[in-house]
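Notes follow once the structure below has been shown.
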Amino acid sequence: MFLRPLNLTFNHSEPSDDMFGHCGDLMAGIVVWASLSALFSLVGCPACGAVLWELVRRQRSGGSMTPNSVFMLNLTIMDLVFLFFVPFGLCNFFLWHIKSILSLSNFLYALNLAGRPLLTACICLDCYVAVVHPVTYSRRKSLTPRILMAAVVWTITAAQGIMSTVFDELNHSAWAMFVYIIALPAIVICDVSILWTLKKSNPAGGELHPSKQKALQIIMNSMVMTIFSYVPPVLVYILGDLIISDEKEYDCFLAIPILVTPTAGSAIMPLLYLGNLGALRSFC
């Protein structure tokens, strides 16, 4: 949540004149954020459920769990938990004003702001090794390192979530940029390296090997996520002062609405994954 400190203290016993902080008279950004968040929750929850079903169905039908599926499973669980809670967080924001639910909302936002970019970076790194160093990858397909990496991501995510509940303004500070500083360079470097390797290995533009085709689909998905979900909050945090100098207008018209882009990633990624599997065509 890339915001400057906002006065959004909710007290169940004092629902109050300050329930929307200093944005009480500038509700356009709040309405945009709330409306689109609700929409992405409505679309994303069924999509995440469908991805989980596909992963479970493949496992039950005798297919082995691939290294990439380990990360996709964890990413989908994170997205589903976060999106499922979004409507409750919105109801609390507008109606209930219960401090414990606000704390839980701050905690769960870590799934979206920390866990999601880190797991995306893990997916890209796995694809990078598979495409750029295929011999090494074929020798080291054990799931154990991937499970450990996912466990590390969950630990970092939980730590940021816990700190966000203890320090109310943590998600509004430069600390929120820390995960992006780690994840975004890894995602970009892996994506560019994979695309360059695929171009060199297939200069005539013929059909790619199925494994490389799958890697290309995953990388295109991660590029979409990077451009539309991860980059906008970073740009707003870095360049926001140059766009809007007034602190109140910055918070209400720029910083709050931009929170929709990480939420959008939680809904768009499972749709892209289902599209690659052809599941969306079957559903339609």
(request) Give the cluster check for I238 versus V231: same hydrophobic cluster or not, with ILVMFWY residues linked at side-chain heavy-atom distances below 4.5 Å. (result) yes

(request) Determine the sole option in L274, L75, I77, L80 for which the side chain to side chain contact (heavy atoms under 4.5 Å, CB included) test with V51 is passed. (result) L274

(request) Rounded to the nearest 0.5 Å, what's the gap from CG on L104 to CG on N92? Could you check? (result) 9.5 Å

(message) Is there a path of hydrophobic side-chain contacts, each under 4.5 Å between heavy atoms, that joins V56 and M65?
(response) no

(request) Not counting sequence neighbours, which residues clear side chain to side chain donor-acceptor pair (under 3.5 Å) with T66? List them please. (result) S69

(request) Enter the distance from L113:CG to L259:CG here, rounded to the nearest 0.5 Å. (result) 7.5 Å

(request) Taking all heavy atoms of N74 and all of V70, pick out the closest pair and write down the distance. (result) ND2-O, 2.7 Å

(message) What's the separation between atom CD1 in I244 and atom CG in L239, rounded to the nearest 0.5 Å?
(response) 12.5 Å

(request) Please report the shortest heavy-atom distance between P185 and Y180, naming the atom on each side. (result) CD-O, 3.6 Å

(request) Report yes if some heavy atom in the side chain of I218 is under 4.5 Å from a heavy atom in the side chain of I194; otherwise report no. (result) no

(message) Checking one residue: V188. Which other hydrophobic residues are in its cluster under the side-chain 4.5 Å linking rule?
(response) V192

(message) Test of understanding: clusters of I, L, V, M, F, W, Y form through side-chain heavy atoms closer than 4.5 Å, transitively. Do I98 and L90 belong to the same one?
(response) yes

(request) Please answer whether the main-chain N or O of A34 pairs with a side-chain N or O of S37 as donor and acceptor at a distance below 3.5 Å. (result) no

(request) Please round to the nearest 0.5 Å and tell me the distance separating atom SG of C91 and atom CH2 of W96. (result) 4.5 Å

(message) I want to check something: taking the side chain as every heavy atom from C-beta on, are T261 and F40 in contact at a cut-off of under 4.5 Å?
(response) no

(request) Answer yes if M72 and W53 sit in the same cluster of Ile, Leu, Val, Met, Phe, Trp and Tyr residues linked by side chain heavy atoms under 4.5 Å apart, and no otherwise. (result) no

(request) Give, for atom CG of L73 and atom CG of L55, the distance between the pair rounded to the nearest 0.5 Å. (result) 6.0 Å

(request) Taking the side chain as every heavy atom from C-beta outward, state whether T263 and Y109 have any pair of such atoms under 4.5 Å apart. (result) yes

(request) Might you confirm whether atom CZ of R60 has over 12 heavy atoms from other residues, nucleotides or ligands at distances under 6.0 Å? (result) no

(request) Please answer whether the main-chain N or O of L83 pairs with a side-chain N or O of S41 as donor and acceptor at a distance below 3.5 Å. (result) yes

(message) Is any side-chain heavy atom of M269 closer than 4.5 Å to one of Y273?
(response) no

(message) Could you tell me if the side chain of L125 sits less than 4.5 Å from the side chain of M149, heavy atoms only?
(response) yes

(message) Could you check whether any side-chain N or O of N112 sits under 3.5 Å from a backbone N or O of L108, counting only pairs where one atom can act as donor and the other as acceptor?
(response) no

(message) Grouping I, L, V, M, F, W and Y whenever their side-chain heavy atoms are under 4.5 Å apart, do I227 and I189 come out in a common cluster?
(response) no

(request) List the steps, then state whether side chain to side chain contact (heavy atoms under 4.5 Å, CB included) holds for L198 with V131. (result) CA-CA 8 Å; L198 291 176; V131 173; 3.9 Å; yes

(request) Look up atom OG1 in T157 and atom CZ in F107, then write down how far apart they are to the nearest 0.5 Å. (result) 8.5 Å

(message) Looking at every non-hydrogen atom in both residues, tell me the closest pair between C48 and T76 and how far apart they are.
(response) O-CG2, 3.3 Å

(message) Enumerate the salt bridge (charged side-chain N to carboxylate O under 4.0 Å, His left out) contacts for residues 143-164, please, sequence neighbours excluded, ordered by first and then second residue.
(response) D126-R146

(request) Taking the side chain as every heavy atom from C-beta outward, state whether L184 and V234 have any pair of such atoms under 4.5 Å apart. (result) yes

(request) Using modelled atom types only, decide if a donor and an acceptor are shared between the side chain of N106 and the backbone of T165 within a distance under 3.5 Å. (result) no

(request) Test V135 against R139 for side chain to side chain contact (heavy atoms under 4.5 Å, CB included), laying out the working first. (result) CA-CA 6 Å; V135 177; R139 292 174 181 170; 3.8 Å; yes

(message) Looking at Y137, I'd like to know if its OH atom is crowded, meaning that more than 12 non-hydrogen atoms belonging to other residues, nucleotides or ligands lie closer than 6.0 Å.
(response) yes

(message) Please find the pair of heavy atoms, one from F253 and one from A28, that lie closest to each other, and give the distance.
(response) CE2-CB, 4.0 Å

(request) Please report the shortest heavy-atom distance between G29 and P257, naming the atom on each side. (result) CA-CG, 3.6 Å

(message) Applying side chain to side chain donor-acceptor pair (under 3.5 Å), can you list everything that pairs with T120, at least two apart in sequence or on another chain?
(response) Y230

(message) If you compare all heavy atoms of S142 against all heavy atoms of P145, which two are closest, and at what distance to 0.1 Å?
(response) O-CD, 3.2 Å

(request) Give the intermediate values and the outcome of side chain to side chain contact (heavy atoms under 4.5 Å, CB included) for residues V153 and C122. (result) CA-CA 9 Å; V153 171; C122 290; 4.0 Å; yes

(message) Can you confirm whether I219 sits close enough to Y128 that some side-chain heavy atom of one is under 4.5 Å from a side-chain heavy atom of the other?
(response) no

(request) State, yes or no, whether a side-chain contact exists between V129 and R140 at a heavy-atom distance under 4.5 Å. (result) no

(message) Test of understanding: with side chain to side chain donor-acceptor pair (under 3.5 Å), list the residues that count as partners of D79, not counting sequence neighbours.
(response) R116, S266

(request) Report the residues that fulfil salt bridge (Lys or Arg N to Asp or Glu O under 4.0 Å) with D191, sequence neighbours left out, ordered by chain and then residue number. (result) none

